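Values in this document were obtained by computation on a predicted structure and should not be read as measured data.
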Amino acid sequence: MPRTVVVTGASSGIGLCTARAFARRGDNVVLVARGRRRLAEAVRQCAQLGARVLAVPGDVTDAARMEQVVSSAAEAFGRVDVWVNNAGTSLWGPFERIPADVDRRLVEVDLIGALNGAHAVVPHFLAHGGTGVLVNVVSIGGRLPTAWATGYVAAKHGLAGFTDALRAELAVRSSIEVCGVYPAFVDTPTALTSGNYTGRTLRPVPPVVPPERVAAAIVRSVDHPRRARRVGSANLLGVPQSLAPDVTARLMAHLGRRYFLHAGTPAAPTPGGLFTSRPGPAAARGGWGEPGRTYARRAVAGVAAAAALLVARRYGRR
């Protein structure tokens with residue numbers, strides 16, 4: 001039997017890859033996004049894979065609209081089996097340069113948007129036998145205190161905590177599964193839509209993960225639910241972070257200051273697509289350049305090595 005899968009932020013990047021992945025499996029897919037033109041193209045791509053597809057334009061910060069998504073999906077396909085909270089973006093720059101309303105909007109999109117999705121679908125799951133799978137696309141930023149992205153880290157740490165707490169709560173009164181997926185930097189069009197107050201063009205910290213890998217982790221989370229799946233070797237920085245949090249965070253902050261604030265080409269400050277949908281194709285990848293990746297790959301490796309050395313020295317004295 002095909003499942004009915006709702007994917008938010010489904011018109012590009014990880015969301016589009018995820019929708020395609022479920023479409024290939026023959027599942028019914030419900031695509032949610034703000035930009036109607038890009039959403040229509042995403043529907044066409046999924047329909048070409050043989051899936052039954054429903055598009056519901058909507059903003060995840062609109063709780064009532066998320067409830068309408070559930071109603072529309074149930075009317076079209078009977079019920080919702082899977083909900084993927086994927087919609088979100090990032091926001092970069094020194095804390096004091098980022099306007100308070102922009103930080104607030106980022107939290108609304110990345111955290112409140114996911115809560116709105118859960119508020120809409122969990123009662124539906126409970127009403128249909130207490131089964132279903134909720135997948136929250138969190139971020140490495142939900143595990144590591146990433147400097148120069150304070151609002152983003154606040155939202156993603158909140159989403160990580162929400163995921164774990166809701167999973168525990170629902171486990172004792174239903175068979176609903178709640179899973180978190182934690183990707184590192186992903187090659188999506190996020191550079192076009194993220195808020196940027198660094199004064200420079202945004203570049204990813206390597207190694208950069210292809211969005212197809214994240215989509216595959218989401219599908220595995222539905223087939224074989226578990227608490228967390230981490231995608232990308234940058235998640236290994238969690239080891240020195242757990243042993244020497246201050247040292248690791250400060251080393252990463254030094255790297256980030258050089259990489260985000262003093263490299264790249266000059267760029268004007270922008271809230272990106274936080275308040276309005278920005279034009280662009282229904283594309284999965286953003287095509288970030290390799291030269292910047294090479295520099296940062298070496299720098300990240302250096303930070304990891306330095307943190308490991310400091311940890312060894314610290315514990316060696318005991």
| said: If only side-chain N and O atoms count, and only distance matters, is there a donor-acceptor pair under 3.5 Å linking Tyr152 with Thr89? | reply: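 Thr89 vs Tyr152: no donor-acceptor pair found between side chains.
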
| query | Can you tell me if Asn196 and Thr198 form a side-chain donor-acceptor pair at under 3.5 Å? | reply | yes

| said: Can you list everything that forms a ring pair (Phe, Tyr, Trp, His ring centres under 6.0 Å) with Phe260? Sequence neighbours excluded, please. | reply: Trp92

| What pairs with His124 under ring pair (Phe, Tyr, Trp, His ring centres under 6.0 Å), at least two apart in sequence or on another chain? | His128

Assigning hydrophobic clusters by single linkage (Ile, Leu, Val, Met, Phe, Trp, Tyr; side-chain heavy-atom cutoff under 4.5 Å), is [X] placed with [Y]?
X: Val135; Y: Leu170; answer: no
X: Phe162; Y: Ile140; answer: no
X: Val153; Y: Leu144; answer: no
X: Val219; Y: Leu31; answer: yes
X: Met66; Y: Leu54; answer: yes

Are [X] and [Y] close enough for a salt bridge, meaning some N to O gap below 4.0 Å?
X: Arg20; Y: Glu212; value: no
X: Arg25; Y: Asp223; value: yes
X: Arg173; Y: Glu169; value: yes

So, for [X] and [Y], which heavy atoms are closest and what is the spacing to 0.1 Å?
X: Pro210; Y: Val186; result: C-CG1, 4.1 Å
X: Ala114; Y: Leu159; result: CB-CD1, 3.6 Å
X: Val133; Y: Cys179; result: CG1-SG, 4.4 Å
X: Ala184; Y: Ala234; result: CB-CB, 3.8 Å
X: Phe77; Y: Val30; result: CE1-CG2, 3.9 Å
X: Cys46; Y: Val29; result: CB-CG2, 4.2 Å

Do [X] and [Y] have side-chain heavy atoms sitting under 4.5 Å apart?
X: Arg37; Y: Ser11; result: no
X: Val84; Y: Val6; result: no
X: Arg229; Y: His224; result: yes
X: Val80; Y: Val82; result: no
X: Trp83; Y: Val70; result: yes
X: Arg65; Y: Pro57; result: yes
X: His262; Y: Arg200; result: no

| By side-chain contact (heavy atoms from CB on, under 4.5 Å), which residues pair with Ala160, not counting sequence neighbours? | Val138, Tyr182

Please confirm whether the backbone N or O of [Y] pairs with a side-chain atom of [X], one donor and one acceptor, at under 3.5 Å?
X: Trp148; Y: Ala253; value: yes
X: Asn116; Y: Val60; value: yes
X: Ser242; Y: Val239; value: yes
X: Asp27; Y: Arg3; value: yes
X: Asn86; Y: Gly9; value: yes
X: Asn235; Y: Val231; value: yes
X: Thr163; Y: Gly180; value: no
X: Arg167; Y: Ile176; value: no
X: Arg226; Y: Ala228; value: yes
X: Thr248; Y: Pro240; value: yes

| field | Worked verdict on Glu41 versus Arg38 for salt bridge (Lys or Arg N to Asp or Glu O under 4.0 Å) | value | CA-CA 5 Å; Glu41 171 59 20; Arg38 191 160 53 223; over 6 Å; no

| field | From CZ (Phe22) to CG (Leu49), nearest 0.5 Å | value |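 Here the rounded value is 13.5 Å.
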
| task | Show the numbers, then the answer: is there a side-chain contact (heavy atoms from CB on, under 4.5 Å) between Ile14 and Leu16? | result | CA-CA 6 Å; Ile14 295 170; Leu16 179 57; over 6 Å; no

| request: Output all residues satisfying side chain to side chain donor-acceptor pair (under 3.5 Å) with Arg213, sequence neighbours left out; order by chain, then residue number. | output: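 Scan of Arg213 (side chain to side chain donor-acceptor pair (under 3.5 Å), adjacent residues dropped) gives none.
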
| Those residues that, when tested against Asp59, pass salt bridge (charged side-chain N to carboxylate O under 4.0 Å, His left out) (two or more places apart) |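 By the salt bridge (charged side-chain N to carboxylate O under 4.0 Å, His left out) rule, Asp59 matches Arg105.
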
| field | salt bridge (Lys or Arg N to Asp or Glu O under 4.0 Å) contacts in which one or both residues fall within residues 140-166, not counting sequence neighbours | value | Asp164-Arg227

